[in-house]
Amino acid sequence: MSETIDFKPGLEGVVAVETEIAEPDREGGQLRYRGIDIVELVGHYPYERVWGLLVDDDLDSAMPEPEPYEPARLTGNAPSDLQAETARLSGVWRLGKLNEISDEQARDDLGRLSAQMMGIVARSARIADGNTDEVPAAVVAQGRTAAEKFLLQWRGEADPRAVKAVDTYWICTAEHGLNASTFAARIASSTGADCGAALSSAVGALSGPLHGGAPAYVKPMLEEVAAMGDPEKWVKDTLDSGKRIMGFGHRIYRAEDPRSRILKETARELGSSQIAIAERLEEAALAELERRHPERPLKTNVEYYSAVVLDIAEIPPSLAPAMFACSRVAGWSAHILEQKKTGRLFRPSARYVGPESRSLSSVA
Ligand code: COA
């Protein structure tokens, strides 16, 4: 049977699941969570309610409050701390296997884990900043939203501009269809693994620079262009030397990435110190990319203004993948639950292209 199916490197264009959660709208440049345009969510509902929309299809539902938990020794490397601790929670909380627990139990497990995962990233970031103490739980509890609590747990304070920046970034990146980390989460769930195992698989997949790390490259790029002072020349020089401009182009979108629009508005509204240079570079890049690639729309993608918005909250580029993981717990949780309810064990085929049958003595 495998002979008759085309091999698609990277599975591009292969439909592997049916979903009711979200799938990017290629041509219209809109992103909808369970049918709701994210433009209607940002600024109206905090991230934790958007979590409820994605996981429970209910904006009145929300990601629960985190429960008291003592992580093992964190290292300050947030993605690896997050992956290890999420897997460890399965054991600490004795989570049941997905194929043996009810849908309600799985939803509870995902809620507990999601809330805790944000706390793990905040604590790991605090260690990376050189702190050895923890922010008292009573201080963290004063936060009104998940974003505010996150910043309090990390730094002991939460500037309202930083809260808005983090909340907007989290909502914009909470879900994006069957990307690599979501696929990893669904694969693990399809085997009946527990929710901690499925979420930690997703964190591992997200930690790679091709998926969760791109904003880290945008900030240094903006600094370089600002120092040089001539975005048009910078763009031409960069493209002439065969390099790509980070934050432009997308595998799916052929129109402007809708998340980019929202993040740009937020960066303007919050008075980002980088917005002026970012807009000048964007204008120069779009014009030159269109001139060089008239056949293919290469528009601003989510990573570009994510970097500018995260900078408002003084999130260091190295923390970008873990910030992304905090937001994507919503999409991952929704997909794990959907996989449990409707999915089937993943077992694709590989086309064997190795040696013909041969004798052991020919290689010994
Ligand atoms: N800067 C300059 N040229 C770009 C470009 C960019 N950001 N993105 C694509 N191109 C060009 C490629 O050089 C290629 O040109 P060629 O046909 O003359 O070789 C053409 O557009 C198609 O590129 P391809 O890599 O096939 O497109 P893709 O849809 O598979 O890639 C990305 C999507 C996101 C990987 C790609 O646009 C990219 O590398 N962007 C920069 C990195 C980035 O912003 N990553 C975050 C993604 S959310």
Side-chain angles (χ1 to χ4, degrees), residues 8-14 22-27 29-31 38 79 168-183 202 205-225 231-264 267 274 277-311 315 317-325 327-328 331:
K8 302 267 187 195
L11 299 183
E12 192 177 349
V14 174
E23 185 60 18
D25 164 4
R26 288 156 205 264
E27 303 307 329
Q30 277 189 339
L31 179 59
I38 60 167
T168 304
Y169 168 76
W170 277 354
I171 293 172
C172 286
T173 55
E175 156 64 6
H176 207 232
L178 201 62
N179 51 83
S181 58
T182 301
F183 194 30
L206 184 81
S207 65
L210 296 186
H211 189 0
Y217 298 96
V218 175
K219 194 177 174 218
M221 180 176 82
L222 291 177
E223 285 166 357
E224 201 183 315
V225 178
E232 285 78 19
K233 178 167 164 29
W234 187 90
V235 166
K236 287 196 175 95
D237 290 353
T238 302
L239 294 176
D240 286 346
S241 66
K243 291 193 200 132
R244 292 185 177 206
I245 305 176
M246 299 313 278
F248 294 86
H250 199 272
R251 181 56 70 79
I252 291 181
Y253 291 120
R254 291 293 166 261
E256 183 187 13
D257 184 327
R259 301 167 297 175
S260 150
R261 271 196 305 274
I262 299 170
L263 290 162
K264 175 154 69 171
Q274 289 189 314
I277 190 69
E279 289 190 290
R280 282 182 61 203
L281 176 61
E282 182 186 29
E283 202 183 319
L286 289 175
E288 192 59 22
L289 286 168
E290 191 176 345
R291 200 179 67 73
R292 296 190 187 210
H293 291 278
E295 78 300 340
R296 180 187 183 87
L298 291 171
K299 306 290 186 193
T300 322
N301 67 42
V302 66
E303 309 290 359
Y304 191 72
Y305 284 108
S306 282
V308 179
V309 166
L310 289 176
D311 186 62
I315 309 284
S318 57
L319 198 65
M323 289 302 289
F324 191 1
S327 66
R328 199 45 72 82

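Please read all numbers here as calculations on a predicted model, not as lab measurements. One-based numbering, in listed order, for ligands and for the atoms of each.
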Do the charged groups of [X] and [Y] touch, with an N to O distance under 4.0 Å?
X	Y	result
Lys219	Glu223	yes
Arg291	Glu288	yes
Lys264	Asp257	no

Any chance the side chains of Tyr217 and Glu303 put a donor and an acceptor closer than 3.5 Å?
-> no
If you draw a 6.0 Å radius around CD in Glu232, do more than 12 non-hydrogen atoms from other residues or ligands fall strictly inside?
-> yes
Protein residues having a heavy atom less than 4.0 Å from any atom of ligand 1 | Ala214, Leu239, Arg244, Ile245, Met246, Gly247, Phe248, Gly249, His250, Arg251, Leu289, His293, Arg296, Leu298, Asn301, Glu303
Partners passing side-chain contact (heavy atoms from CB on, under 4.5 Å) against Phe183 (at least two apart in sequence or in another chain) = Leu11, Ala16, Leu178, Ile187, Phe346
